[in-house]
Amino acid sequence: MNRDESIVSDFACWAVAAVFVFGLAVLAVRLKEVQIEDAADYGYANVRQSVRRVQTDGDRGRIIDRNGVVLADNRRSISIVCNAAFFQKRTWEATAAAICAALSNAAETVGAPSPLTVRDIRRHINQSLAMPLVAWRDIGDERLARFCENERELPGFSVLESEERFYPQGSLAAHLIGYVGRDRGESEAGDEKFNFYLPEMRGRSGLEIYYDSFLRGVSGERKVLVDARGFAMREWTVVEPKRGPDLRISLDSRIQRCAEEQLRGMKGACAVVDPRNGDVLALVSSPGFDPNEFVPRLSYKLYSRYAGDPAKPLLNRASGGAYAPGSTFKPITALAGLENGFSAGERYYCNGAFILGAMHLRCASRWGHGPLDMRHALRESCNPYFCNLAVTVGSNAVIRAARAFGLGCKTGIDLGVDMAGTVPDGSWKMRMYGERWYPGDLPQMAIGQGMLLASPLQMALVAGAIGTGRLVVPRLKLDIGVRSERLPFSGRSLDVVREGMRMVVDGGTGRRGGEGIAVAVSGKTGTAEVGRGENRRKNAWFIAYAPSENPTAAVAMVVENGQSGGVTAAPRVRNVLAAMFGEKEAAEDGRR
Amino acid sequence: MKRLRHFNWLMFAAMIALIAVGTAAIWSAGSARSETVFHGMWINNLVTAAFGLAVYLVLSFTDYRKLLDCFAVPSYAVSIALLAAVLIFGDTVYGGKRWLWFFQPSEISKICLIMLVSWLFGTPVDYSPVKKTAGFFGAWRFTFRGFALAAAVIGVPALLILAEPDLGTTLTLVPATVVMLLVARVWRRGLVAMALAGAVGAAAVLGAVYEAEKPGVPPQRRESILKLVPLKPHQIRRVRVFLFPEEDLQGAGYNLRQAKISIGSGGFSGKGLGKGETNHLKYLPQAISMNDFIFCVYAEEMGFVGSLALLVLFGCLLVPGCYVAFVSTDGRGRLLALGVSTLVFAHVYINIAMSIGLVPITGLPLPFISSGRTFLMTVMAGLGLVQSVSVHREEKQNEPVRMV
């Protein structure tokens, strides 16, 4: 072997080869570690950085009345959205400027300037870049057509369909149905499962809020693939959202509409209940509002207009108003008397006023009704009679009777607005006013004045309970079971009151409440005086049930600033009842 | 035909396969870029590869001995001139002056340097009886004086490249030339000592950076330690990322993190060609996804199977290189084959190892896979020379050596 060949030995060649193979083997081992053993971790890291999870909401269920009339529906809403990724520039500032320029360019085509400001765009870039930027929300058909015609010239913009709440009957039963708003959804459980929550329709009042979780669909999930800067590249649905179920309610939109017409232009409320099962057939509060104005969201301006209105159109007076029931309370006082030894036939001489110590309670009849038994006292709505009765049987008897009718307690209606009202007693008065229970409080309460407060819905239930002998829990959702309890009064006592209430309509103070209706109506008028001095006003009440023998409807109506129950409220109730039971035949009418 | 018999088909086939893989990877990496100019980059690569193939075949069937004797010194001189020119006239890209007109002289200089070293230390010893002392090709080359000569010829281009600055390329010169000097047994004792010293030095640098950057070190102490480390701030940052890969994931550690996510999320079988997510969604740094980080693009799309196949392909290129050296009886041929193979290996190893956190991040292309025309031409030319060593293994036309 000469020097020539030994410059590089054979061993060296193979040694170098061995180094190569060893080096490649080291790489292979490390690659196995990264690509096989840690593959799941890196795969997760990849998904975490590049996939955004979006919660999508299912369509909301409709609200349907007992006859199938749709009260709350969904309509297709078209928005024009801007895909920020299309306008991306090297810097965020330039991207925002590019979007801004594209928006003003597109505004000419669409025909309206975009409501978005540069700040909105910047906020979108910072917070929700992966989501489409809504440039024009809920556009009309004309603008949609103009956009579609020129869509090719507006790259980066597209049409997005969504569902929006829609109330086909307008302001009908607006207080009852309520309205929805959209929440910038946050996770309910506070977990971080999703990166984005699409603004979700949430009930804001009425049934929409009470049955929110029922009506709301099951939310779905979408995933958005984002690039390193956060722009959306691709998206797909993981879980399809599910539509919420329809809510069938006991309301009868025909009766509701009729009752609303009766109260149009006035402040007041009306409740119509089926006393057999508690079905709420109508629940009217006037003045009302159009919930469609509140969709997709209630603007601050509109809200302050409604909130600042002295007539309080957003208040649901029917179940959330607290009124002194006035003389409509007298049947309860009468029952308290009958159950505590007061005889129905015993006559009391009304001389026009009830005097107890320094208190002087006037009767509606200036010179007095003269001698009256209980039925006639109800018929004429005689104040001194019931004051005398109450003083005879005592506060506790009256309070117990009032509570037996559910006054002072929530009715249990499946609606968030459920005013308990007040049935005052000694401890309550001490708590609220720091005064003890004076003897004068009782006669006030006996005629439904003073501190006694009840909602029209409660009074409708009272009327129904007198008619059937059972107090029901009102219900709106149709498939709720019927809940009722027997009144703790004897049938004889109830019969006396029923007869009295029949006489009220049949020629008594409430005679206008039953005129010309195909069925017999029993009722009671009430004229509650509220306020003092210049603010002194009268709330006109009428409660009724019909048919008198086997009541299927109980009504209570209150009209604020009315003349009297018999003049203001009774004829309106009559019209509602006429709509339910029909007018009496002309011939029959003539015979009478 | 005799020549074709000695043509190393395995090496050739591996090269062609690697070019195909590289073209696909460049297509994928380029299509992810927003600049449309990169979408057609794979065509560029094919065209360059065609030119490279021509060069390869020409070199394969040219006797490398003649080539070395005639061109080793002139080509080296030209490469030095180009390296100097790039420092003066070069275009600045990504903070370094590396480009001259359309190519990178530093890439070409690698092969020129290997040719020169092969010629200098592989030419048989001239024991000419005519002269009393050995001539230029005397045995002095394998003593310290030879080492000094080697240090000079390596040092000049290395310093010029370092001045660009391109530490990565400089670093690949070291293993290639050191291996050549080692196998040629040039002042072996000193060389081994120096290699050991270099290893100790590297370990010291790593240790120092570790001491300075580990959590809980007061800033003053950190400053005083880092002052002793002979690296630039951005290089220290890379070493820190290498040592603490889980820190500063949005800043300095971002590239390595994304590289690992790319490779790791590819899993066993990959996501499919052109479907790499980190690449297409631009999480992988776009500026270098086609060059230094192209292995990540490839590994994500082809998975562990693909990575392993790539390693096997490189093995089919590198081991035959050593085999060619083994069957060659000529010192020049052996050095040339081993030198070029080591150069390719150094690139392969450092590039892949950096993207999986085995070595600090260094800007080096992956042979055949990265897009880079100059480097592709360089590597193909180098492999052409290796093929030439294989083809011309038994032809001893140029026989100036007389045996003693």
Side-chain angles (χ1 to χ4, degrees), chain A residues 1-52 85-86 88-90 130 223-234, chain B residues 34 121-125 127 139 142 179 182-185 257-258 260-268 277-278 280-284 286 299 303-304 307-308 311-312 314-315 318-319 321-323 325-326 329-332 334-335 337-338 341-342 345 348-349 352-353 356-358 401 403-404:
Chain A
M1 188 141 134
N2 57 33
R3 185 67 189 161
D4 181 9
E5 287 197 347
S6 64
I7 284 177
V8 178
S9 66
D10 293 350
F11 168 75
C13 298
W14 292 122
V16 171
V19 168
F20 291 171
V21 170
F22 177 74
L24 294 177
V26 167
L27 292 180
V29 167
R30 175 75 180 134
L31 278 169
K32 178 177 155 280
E33 238 172 71
V34 174
Q35 293 197 285
I36 292 180
E37 280 151 35
D38 298 342
D41 292 346
Y42 288 120
Y44 177 66
N46 176 38
V47 166
R48 237 186 60 171
Q49 71 180 5
S50 62
V51 176
R52 303 278 181 273
F86 188 85
Q88 59 174 305
K89 295 277 179 295
R90 200 164 280 277
K223 283 187 174 176
V224 181
L225 196 65
V226 296
D227 71 1
R229 302 180 74 192
F231 288 110
M233 292 288 115
R234 190 159 62 81
Chain B
S34 19
F121 297 99
T123 309
V125 179
Y127 291 106
F142 304 101
V179 164
L182 270 176
V183 298
R185 295 188 234 173
R257 172 75 179 160
Q258 292 302 333
K260 281 193 195 166
I261 289 179
S262 284
I263 297 171
S265 66
F268 181 74
E277 283 168 352
T278 54
H280 283 265
L281 295 174
K282 304 186 176 68
Y283 288 94
L284 207 58
Q286 289 293 289
F304 179 66
S307 314
L308 210 58
L311 292 181
V312 169
F314 277 121
L318 296 172
V319 174
C322 298
Y323 173 75
F326 171 72
T329 52
D330 175 40
R332 281 164 290 184
R334 287 193 161 187
L335 281 185
L338 291 180
S341 298
T342 310
F345 172 75
V348 170
Y349 186 81
I352 296 180
I356 48 182
L358 279 179
V401 183
M403 306 301 161
V404 180

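Labels below follow one simple rule: chain letters A, B, ... track the order of the sequence lines, proteins then strands, and each chain is numbered from 1. For clarity, every value in this text was computed on a predicted model and none was experimentally measured.
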Checklist entry - Once you round to the nearest 0.5 Å, how far does CG of A:Asp38 lie from CD1 of B:Ile356? => result 11.5 Å
Checklist entry - chain B heavy atoms under 4.5 Å from A:Ile36: which part of the residue, side chain, backbone, both or neither? => result side chain
Checklist outcome for this item: On a heavy-atom basis, the closest approach of A:Ala12 and B:Val183 is CB-CG1, 3.7 Å
Item to check | Side-chain touch A:Phe20/B:Thr342, heavy atoms, less than 4.5 angstrom | outcome: yes
Checklist entry - What residue in A:Gly23, A:Ala40, A:Ala15 has the most heavy-atom pairs under 4.5 Å with chain B? => result A:Gly23
Checklist outcome for this item: Note: vs chain B, highest number of non-hydrogen pairs under 4.5 angstrom among A:Ala39, A:Ser50, A:Cys13 is A:Cys13
Checklist entry - When only pairs under 4.5 Å are counted, which of A:Ala25, A:Ala18, A:Ala28 shares the most heavy-atom pairs with chain B? => result A:Ala28
Checklist entry - Just how far is it from atom CZ of B:Arg257 to atom CD of A:Gln49, taken to the nearest 0.5 Å? => result 7.5 Å
Checklist entry - From B:Phe326 CZ over to A:Phe11 CZ, what is the distance, rounded to the nearest 0.5 angstrom? => result 13.0 Å
Checklist entry - Rounded to the nearest 0.5 Å, how far apart are CG of A:Asp41 and CD1 of B:Ile261? => result 10.5 Å
Checklist entry - With respect to chain A, which residue among B:Leu308, B:Val348, B:Val319, B:Leu338 yields the maximal number of heavy-atom pairs within a distance under 4.5 Å? => result B:Leu338
Item to check | Atom pair CG/CD of A:Asn46 and B:Gln258 - distance to nearest 0.5 Å | outcome: 8.0 Å
Item to check | Non-hydrogen atoms of A:Ser9 and B:Arg334 that approach each other most closely | outcome: C-NH1, 3.4 Å
Next on the checklist: Only pairs of heavy atoms separated by less than 4.5 Å count here; which of A:Ala228, A:Gly43, A:Ala45 has the most with chain B?
Outcome noted: A:Ala228
Item to check | Contact summary for B:Ile263 and A:Gln35, nearest pair of heavy atoms | outcome: O-NE2, 3.0 Å
Checklist entry - Relative to chain B, which segment of A:Val226 carries a heavy atom at a distance below 4.5 Å: side chain, backbone, both, or neither? => result both
Item to check | Choice from A:Arg30, A:Met233, A:Lys32 maximising heavy atom contacts with chain B below 4.5 Å | outcome: A:Arg30
Checklist entry - Given a strict heavy-atom distance threshold of 4.5 Å, which part of A:Val21 is in contact with chain B: side chain, backbone, both, or neither? => result side chain
Checklist outcome for this item: chain B shares the most heavy-atom pairs under 4.5 Å, among A:Val19, A:Val26, A:Leu24, A:Leu31, with A:Leu31
